[in-house]
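Everything on this sheet refers to the single structure shown next.
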Amino acid sequence: MTIIADASAFPAIGAEPESLEIDRVFDAQRTMRARIGATTADQRIEKLRSLEKALLARRSDIRAAMYADYRKPAEESDLSEVYPVLIEARHARRHLRRWMKPRGVSAPLALFGTRSRIMHEPKGVVLIISPWNFPFNLTLGPLVSAIAAGNCAIIKPSEMTPHAAACMASILGELFDPSEVAVIKGGAETATALLRKPFDHIFFTGSPAVGKVVMRAAAEHLASVTLELGGKSPVIVDASANLDEAATKIAWGKYLNSGQICVAPDYLLVDRKISDDFVTRLKEKVEALFSQAGSRGGIVNDRHQQRLSRALAGALQQGATVLAGGVTDSARNDFVPTILSGVSPDGQLLQEEIFGPLLPIVPYDNLEDALRVINEKEKPLALYLFSHDRSVIDRVLAETSAGGTAINDTVVQFFHTGLPFGGAGNSGIGRAHGFFGFEAFSNIRGVLEQPMRRTPLQLMYPPYNAFKRRLIDLTLRFL
Ligand code: NAD
């Protein structure tokens, strides 16, 4: 990796008062942004290649950090932390030359003779604030897009996964000078101090509540934002679904990372005709996938363990029944995959994002009822449908809105680098992944070149007369 500035100009990050550190790193990146922005596709590709190599070389450190933070199984760390960043980087490397090439656009008749193109230029200095639930994936994934688009980046990982934050700081510290990419560790106060800076773009992943705080701060500087938020992602299981297949895929998508996934199935709407049969299979699949020791990680910390325990107790008090699980071990922050029926529609579990291994089953009598339940809530980040009936698939897509959808699967849409990833309304603003991520970190500039000294438009410049008025009339009618 090229060292772009004299690293000795920077005291080690963390060795000085936080506000000074933020000022220093931000100012250094501001100074650097034009040089980083002018880098060629080859130079950016080389940076992405180095990041990929470092992730593979430090795979065991990443596994260790994830285990230390909340006992994430090593295989899950490989698949859900390292792999998504690698595919993002590989995809960007393969396509970057094309993405960076100005794209010509043909002229409308009224501007006949002009030559126009669309250019993607870097936004400049960007801030990436990330959550704890996939710390590597949701920090380094956006970083790949930021680097591909030619930006400098300051990263603020979550304070709730300190081992992951330290590991990322170490990996990135070896690859980049802080004047290009810097990690600043800390919690809400640090994020607040960072948000006072006039960033050129803020890419935030986290809860809708904090997303609003970020957007308010961005408004002070009119910084653009990408907000990757959460919400309640429903699953519909239609009577035409293959129940075994649906049960397996829902069990995996729901209880992976102990349900601490932004796109995890949040609640299940199941056709009443097949509900009992489906629940029996779901219980079997959950048992088969997650009952062995080491097959699932823990809840991230005491606060979230208690939040989930309270939510379960509240649901039971309001009349819910535990169909599976319901066992918690607060000493270890362990929460057994839990399935519930009879959950009150007004209770916390059907009103707030669950973000944990609790799954309410809500039977429905006709599709219209299921769609009403979904449409009464905020637009979800993901909507899942298990059905082999094309008319049901078309109807659900036409009559709902969501950030993304997978039909006959869960969660895997996240891994598709050709699909935009993001929310709608309360679940987010903007898009990430692949070209959409590159675009999020780019200013899309329209450029028109006028080769003619005298243009037809000048015939309509003032002062006006009868001839010009006639021309204007014709323009309005035909051009
Ligand atoms: P969070 O909003 O509490 O925290 C996210 C980040 O914001 C952390 O780095 C945190 O330090 C920082 N932060 C906290 N308070 C802040 C403040 N007042 N000002 C500025 N920054 C502040 O979210 P979380 O608990 O880490 O993650 C869970 C949430 O994130 C869930 O809602 C989940 O659905 C969502 N999420 C969304 C996606 C997505 O891609 N759409 C991915 C993962 C998680």
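Read the numbers this way: they start at 1 and go in the same order the structure lists the ligands and their atoms. As the structure is a prediction and not an experimental result, all values here were calculated from the model.
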| message | Does any N or O of ligand 1 fall below 3.5 Å from an N or O anywhere on Glu353, backbone included? | response | yes
| query | Quick check, are the ring centers of Phe436 and Phe421 under 6.0 angstrom apart? | reply | no
| By number and element, which atoms of ligand 1 are closer than 4.0 Å to a non-hydrogen atom of Leu138? | 42 (C), 43 (C)
| Just which atoms of ligand 1 are under 4.0 Å from any heavy atom in Glu159? | 10 (C), 11 (O)
| field | Criterion side-chain hydrogen bond (donor to acceptor under 3.5 Å, both in side chains) on Arg307 and His304, from CA distance to verdict | value | CA-CA 5 Å; Arg307 172 183 68 80; His304 280 278; 3.1 Å; yes
| query | Which of the numbered atoms in ligand 1 are below 4.0 angstrom from a heavy atom of Asn133? | reply | 43 (C), 44 (C)
| Checking salt bridge (Lys or Arg N to Asp or Glu O under 4.0 Å) for the pair Arg90/Glu52: CA distance, chi angles, key distance, verdict? | CA-CA 8 Å; Arg90 286 175 192 144; Glu52 271 174 69; 3.4 Å; yes
| Within-cut-off N or O pair, Ser427 and ligand 1, under 3.5 Å | no
| Would the number of heavy atoms belonging to other residues, nucleotides or ligands and lying under 6.0 Å from OH of Tyr67 be above 12? | no
| said: Residue-level breakdown please: for Ile261 versus ligand 1, do any non-hydrogen atoms fall below 4.0 Å on the side chain, on the backbone, on both, or on neither? | reply: neither
| field | Atoms of ligand 1 close to Glu228 [distance to a heavy atom under 4.0 angstrom, numbered from 1] | value | 37 (C), 38 (C), 39 (C), 40 (O), 41 (N)
| message | Under 4.0 Å, counting heavy atoms only: does Phe134 come that close to any atom of ligand 1? | response | no
| Backbone or side chain, does any N or O of Leu229 fall under 3.5 Å from an N or O of ligand 1? | yes
| Heavy atoms from other residues, nucleotides or ligands near CE of Met215 exceed 12 (cutoff 6.0 Å) | no
| Relative to ligand 1, is Thr205 under 4.0 angstrom through side chain, backbone, both or neither, heavy atoms considered? | both
| request: Would you tell me which option among Ser207, Cys262, Ala382 has the nearest heavy-atom contact to atom 42 (C) of ligand 1? | output: Cys262
| note | Out of Ala188, Ala264, Pro135, the nearest non-hydrogen contact to atom 14 (C) of ligand 1 is supplied by Ala188
| Which atoms of ligand 1 sit under 4.0 Å from any heavy atom of Leu195? | 20 (C)
| note | Note: ligand 1 atoms sitting under 4.0 Å from heavy atoms of Ala191 are 20 (C), 21 (N), 22 (C)
| said: Check for me whether the distance between the ring centres of Phe355 and Trp132 falls short of 6.0 Å. | reply: yes
| query | Would you say Gly206 has any N or O atom under 3.5 Å from an N or O of ligand 1, going by distance alone? | reply | yes
| query | Does the ring centre of Phe435 sit less than 6.0 Å away from the ring centre of His95? | reply | no
| remark: atom 8 (C) of ligand 1 has as its nearest protein heavy atom Ser130 O, 3.3 Å
| query | So, are Lys232 and Asp266 salt-bridged, with charged N and O less than 4.0 Å apart? | reply | yes
| request: Can you spot which of Leu227, Ile128, Val214 makes a side chain to side chain contact (heavy atoms under 4.5 Å, CB included) with Ile202? | output: Val214
| Could a heavy atom of Ser158 be found less than 4.0 Å from some atom of ligand 1? | yes
| request: Give every residue pair that meets the side-chain hydrogen bond (donor to acceptor under 3.5 Å, both in side chains) criterion with at least one member in residues 374-387, sequence neighbours excluded. | output: Asp238-Ser387, Ser240-Ser387, Tyr384-Gln413
| note | The answer for which part of Val263 has a heavy atom under 4.0 Å from ligand 1 is neither
